There are 2 protein chains.
Amino acid sequence: MSQPTGPSPGEQRSPFRTLHLELSSTVDRVADELRRAVFDGELESGTPLREVALAESLGVSRPTVREALGILVAEGLAVREPNRGVAISTPEGDSVRDICRARWVLEGAGVRRWPDADETLRDAVRTSLVAYTSAVRSGASYQELNERHLAFHVSLVGLTGSPRLVAMADSLMVELKLALAQVDRIRRNAHDQADSHTALVMLLERGDVTGAADFLERHLADAEASILDALRLD
Amino acid sequence: MSQPTGPSPGEQRSPFRTLHLELSSTVDRVADELRRAVFDGELESGTPLREVALAESLGVSRPTVREALGILVAEGLAVREPNRGVAISTPEGDSVRDICRARWVLEGAGVRRWPDADETLRDAVRTSLVAYTSAVRSGASYQELNERHLAFHVSLVGLTGSPRLVAMADSLMVELKLALAQVDRIRRNAHDQADSHTALVMLLERGDVTGAADFLERHLADAEASILDALRLD
DNA sequence: ATTGCTTGATTGTCAGACAATCTGACATGG
DNA sequence: CCATGTCAGATTGTCTGACAATCAAGCAAT
């Protein structure tokens, strides 16, 4: 035995554990580019995504574009009507309400598990909070503020310790970003919510879980009302 | 105005409201067939899904198969390793635990909303319960019992009134069905859980929401232990 | 005003092809 | 014996080109 510390073949015990190689397919890069364009407001809600036009524009073939569009549709960023192609989703009032309701279920579950959660998960919440607040103070770009803000909320779901719930929260945030991109097209009012979030974490650190849950519920309700108001949807 | 009752062009007021035409693409049919084969145990966990072989077998082209495989992967039923193709997922112990934890979050949220839920949603729970119990009494097939059983649990999530949470629950059930299909390959022990479910609904009808929630938590914990035991995973 | 036809555009699906990559076996050299 | 280099086969990732089905719009006809 030349490797006394790694007898099991499945688990490599080597000095290269920290190395990673980002191998991305063309399809993934196309999907990323489309997402970026949507979130940056370059593609308005309802815009049809023609396969041939995109293929020529991006310098890839039509099947590749088609597969990328399938990903966007699966994520809810776009909708496909049979034989009519796919178009950027238009966030309805019902969608926003539904997303916020689902957020409350997921994030509330995370907050309630704060006392029992692993220390590393609680630390993830703290670090995402400081990442957000420091971005606010340093006057980061609007896109980045949104990103950090939503990342904080996802880290709350992370308290459940469930990768699947986090994935669901991520998917909700993607849809939310779509709605926000439509709002920001009109008026970019990323009002500072750092204080609110800091207060939430302080309640948690103090052990007041139910207080934090109530606070979160109000916070999410406010966010919903704010988005609906900005979208001018009843 | 020749249509005084339907002035808005988006809402058709015609006598054909009940008609529906199921238009399904080839890709969807391929995906359905693959799902069926997995759930029926024809495809063992870990089986590689070769694109050319499937295309010839099903009489469709490779891009069509490829797109269907993408759907399966997005659902979590299969995994894709770059340049190595996709294979049926193998349910790990961690996956089962995670699925059950996520189930508890979603279904618990539904149960807690029973008092405030719309009457039609509560009725959906009742009807799915009788659909399950009657299937049990009539000695329905194993597949159908599973289907009804999981449909009842999804109907609990439906109490939240959130389509997205229901979709998430559906996705969890699909993964659960995959794990159960592996179990049933060995021993088909769909032990009768109708009594347990009936007791849960009776607690709800009585207005004992917290009691129902506790009952559900135990029920889900038992289910998790049972599946893990059957899979012989620690 | 409704129906029917025609044209152009777009998607859904197919067939064939090629390069890149993985697997496994084999050969080579220390 | 072990590590490395090499090769053939298999499979995927992607491209090209093509065709039928469907849709939208415009126009003609009843």
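Just so it is clear, the structure is predicted and the values come from calculations on it, not from any experiment. Just so we're on the same page: letters track the sequence lines, and every chain starts at 1. What you see below is based on every heavy atom in this structure, not just the backbone, and it leaves out hydrogens, waters and symmetry mates.
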Geometric class of the A:H149/A:Y132 ring pair [parallel <30°, tilted 30-60°, perpendicular >60°]
parallel
Return yes if a side-chain donor-acceptor contact under 3.5 Å exists between A:T90 and A:S45, otherwise no.
no
Using whole Å, what does the distance between atom C1' of nucleotide C:dT13 and atom CZ of A:R80 come to?
13 Å
With sequence neighbours left out, the residues meeting salt bridge (Lys or Arg N to Asp or Glu O under 4.0 Å) with B:D222 are none
Using atom CZ of A:R50 as one end and atom P of D:dC23 as the other, report the distance to the nearest whole Å.
14 Å
Whole-Å gap separating P (D:dT11) and CD (B:E56):
11 Å
Residues B:D32, B:R29: salt bridge by 4.0 Å N-O rule:
no
D:dG17 base to A:R62 side chain: any donor-acceptor pair below 3.5 Å?
no
Which whole-number value in Å describes the distance from A:E81 CD to C:dT10 P?
15 Å
With a non-hydrogen cut-off below 4.0 angstrom, is B:R66 in contact with a base, only sugar-phosphate, or nothing?
base
Can you list everything that forms a salt bridge (Lys or Arg N to Asp or Glu O under 4.0 Å) with B:R113? Sequence neighbours excluded, please.
none
Atom pair distance, as rounded to whole Å: CD in B:E67 and P in C:dC14:
11 Å
Can you tell me which nucleotide in C:dT10, D:dC15, D:dT22 comes closest to the side chain of A:N83?
D:dT22
According to a strict under-4.0 Å criterion, is A:T26 in side-chain N/O contact with OP1 or OP2 of D:dG13?
no
Base, sugar-phosphate alone, or nothing: which one does B:L49 contact when heavy atoms must sit under 4.0 Å apart?
sugar-phosphate
For D:dG13, does OP1 or OP2 lie under 4.0 Å from any side-chain N or O of A:T64?
no
Would you say B:S61 places a side-chain N or O within less than 4.0 Å of OP1 or OP2 belonging to C:dA15?
no
Atom CZ of B:R29 and atom C1' of C:dT13: how far apart are they, to the nearest Å?
11 Å
Phosphate-side-chain proximity, A:R84 and D:dT22, N/O vs OP1/OP2 below 4.0 Å
no
